[in-house]
Amino acid sequence: MSNIPSLILNTNDRMPLLGLGVYKATAPGEVEGAIAAALDCGYRLIDTASAYKNEEGVGRGIRSSSVPREELFITTKLWNTAQRIGDIDGAFQRSLDRLGLDYVDLYLIHWPVPGCFINSWQALERIRESGQAKAIGVSNFEIPHLEALFQTSGIVPAVNQIEYHPLWNQSELYEYCRERGIAVQAYAPLARGAYLKKDTLLHIGETYGKSPAQIGLRWLVQKGISAIPKSVNPKRIAENADIFDFELTDLEMKTIDALDEKFRSAGIPEDMQGFVR
C-alpha cells in the first residue's frame, strides 16, 4: 500500500496528495518506465490527458503493474477540439479505450473553451452518472468560469487543476475553490525548474536536508493541494515523493507564499489565448 496521504474529494473519493504527471512523455517505453518507477515509490495517482498522446502507454504501464486497479487513481482530460464539435461522449470513450479501462477516477475539462464548456460540463455530469468516471472536474478554470458553471449546474467540480507553485500561488482562486469544496491540484508544481535556485528555498531546504523542489512540493501538500510533478527520471520521481517525513513551520510557509510573482511557466494553447490569464 502507498504511504502517500490522500485528501477527500466532495464525492467522498480519496485523491492522493502526490501523483505522477506524464505530459510530453511520448518516446517509446518512456511513460511505461515512469509509471513503473512511480508505483514502486508508492505513487498511486497517474495524470494524463487526451492531448498528451500517451494514454495507450499509460494503460500499458497500469496493466504491467501488480498494483490492484482499485488502489490506483487515474485522471484523464477532455481536449478543446472535442468540446468545439460537441463530441464529448465519443472523446471520453476513446480515452477509456486507449487506457484499456472500464472507468477513470477523475475526468477533467482541460480548458474552459468559450461557448462550449457549459455544454461540456453537462456531458460530464452524464458520464459521472454512468459510473465510468467516479469524479468529474475542471482544469485551468478561473473564478468567472466557475461562476458560470454554478449558474447552470448544481454539481460542484471535485477538482480544479491549475498551475500552482511558489512563484504563482493563485491565492484568490485557491481560497475560492477551498470555500466551495473544490480540491485544488497543482500542475507544473516545480515551475519547470524556475525556482530551484531561489535562495529562500535553498536556505529552507538546508534546514531539513531537502532540495528546493522537495520544499516546493512540501509547501503544496501542506496546503492540502495535490501536486502532480512530471518526470520520467526514476531518481527524481523518488525524490519528489520523499516529502512526507518533515513539516514546514508557519513562518516558512508564509515566507514561501511571499515568493509569488505571478510567473506562468506552462504555455496556453493557441486557441485559448486571450480567454485565460
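Nothing here was measured: the structure is a model prediction, and the numbers come from that model. Starting from 1, each residue takes its place in the sequence as its number.
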inquiry  = I'd like to know if the side chain of Thr11 pairs up with that of Asp13 as donor and acceptor (distance under 3.5 Å, no hydrogens or angles considered).
reply    = yes
message = We want to know whether Gln170 and Tyr176 form a side-chain donor-acceptor pair, criterion being a heavy-atom distance below 3.5 angstrom.
response = no
task = Give the intermediate values and the outcome of side-chain contact (heavy atoms from CB on, under 4.5 Å) for residues Ile62 and Leu39.
result = CA-CA 9 Å; Ile62 293 168; Leu39 294 179; over 6 Å; no
Note: Glu30-Arg60 ion pair, threshold 4.0 Å (strictly below) = no
ask   = Hey, does the side chain of Glu71 reach the backbone of Pro68 with a donor-acceptor pair shorter than 3.5 angstrom?
value = no
request  = For Glu239 and Gln214, indicate whether the former's side chain and the latter's backbone hold a donor-acceptor pair under 3.5 Å.
outcome  = no
query = Considering only heavy atoms from C-beta outward, does the side chain of Asp105 approach that of Thr75 to under 4.5 Å?
reply = no
ask   = Can any side-chain N or O of Asn160 pair as donor or acceptor with the backbone N or O of Phe141 at less than 3.5 Å?
value = yes
Flag for Thr48-Asn54: side-chain donor and acceptor within less than 3.5 Å = yes
query = Are Asp102 and Arg69 within salt-bridge range, i.e. N to O under 4.0 Å?
reply = no
inquiry  = Between Ser64 and Glu32, do the side chains contain a donor N or O and an acceptor N or O under 3.5 Å apart?
reply    = no
query = Can you find a pair of side-chain heavy atoms, one from Ser120 and one from Leu78, that are under 4.5 Å apart?
reply = yes
ask   = Can you find a pair of side-chain heavy atoms, one from Val58 and one from Leu99, that are under 4.5 Å apart?
value = yes
ask   = When you check the gap from the basic side-chain N to the acidic O, do Asp47 and Lys230 get nearer than 4.0 Å?
value = no
query = Is Lys24 positioned over the aromatic face of Tyr52, cation under 6.0 angstrom from the ring centre and no more than 45 degrees off axis?
reply = no
message = If hydrophobic clusters are built by linking Ile, Leu, Val, Met, Phe, Trp and Tyr wherever their side-chain heavy atoms come under 4.5 Å apart, do Val138 and Leu45 end up in the same one?
response = yes
remark   = Applying side-chain hydrogen bond (donor to acceptor under 3.5 Å, both in side chains) to Asn140 and not counting sequence neighbours gives Tyr187
query = Any Lys/Arg nitrogen of Lys210 or Asp245 sitting under 4.0 Å from an Asp/Glu carboxylate oxygen of the other?
reply = yes
remark   = By side chain to side chain contact (heavy atoms under 4.5 Å, CB included), Ala148 pairs with (sequence neighbours left out) Phe117, Ile118
key: Set of residues satisfying side chain to side chain contact (heavy atoms under 4.5 Å, CB included) with respect to Asp271, sequence neighbours excluded   = Asn80, Arg84, Pro269
request  = Group every Ile, Leu, Val, Met, Phe, Trp and Tyr by side-chain heavy-atom contacts under 4.5 Å, then state whether Leu196 and Trp168 land in the same group.
outcome  = no
key: Lys223/Asp257 ion pair, N-O < 4.0 Å   = yes
Please table the atom pairs, donor to acceptor, closer than 3.5 Å between any side-chain atom in residues 124-131 and protein atoms at least two apart or in another chain.
unit_1, atom_1, unit_2, atom_2, d
Glu125, OE2, Trp121, NE1, 3.2
Glu125, OE2, Ser153, OG, 2.3
Ser130, OG, Ile127, O, 2.5
Ser130, OG, Gln132, N, 3.2
Ser130, OG, Gln132, OE1, 3.4

ask   = Are Tyr195 and Trp219 an aromatic pair by the rule of ring centers under 6.0 Å?
value = no
ask   = Who pairs with Ser265 by side chain to side chain contact (heavy atoms under 4.5 Å, CB included), at least two apart in sequence or on another chain?
value = Glu163, His165, Ala188, Ala191, Arg192, Phe263
task = Output yes when Arg94 and Asp87 qualify as a salt bridge under the 4.0 Å nitrogen-oxygen rule, no when they do not.
result = yes
Candidate pair Asp97 and Gln93, rule side-chain hydrogen bond (donor to acceptor under 3.5 Å, both in side chains), full reasoning = CA-CA 6 Å; Asp97 291 344; Gln93 188 59 53; 3.0 Å; yes
key: Within residues 224-258 or reaching into it, pairs that qualify as ring pair (Phe, Tyr, Trp, His ring centres under 6.0 Å) - sequence neighbours excluded   = Tyr208-Phe246
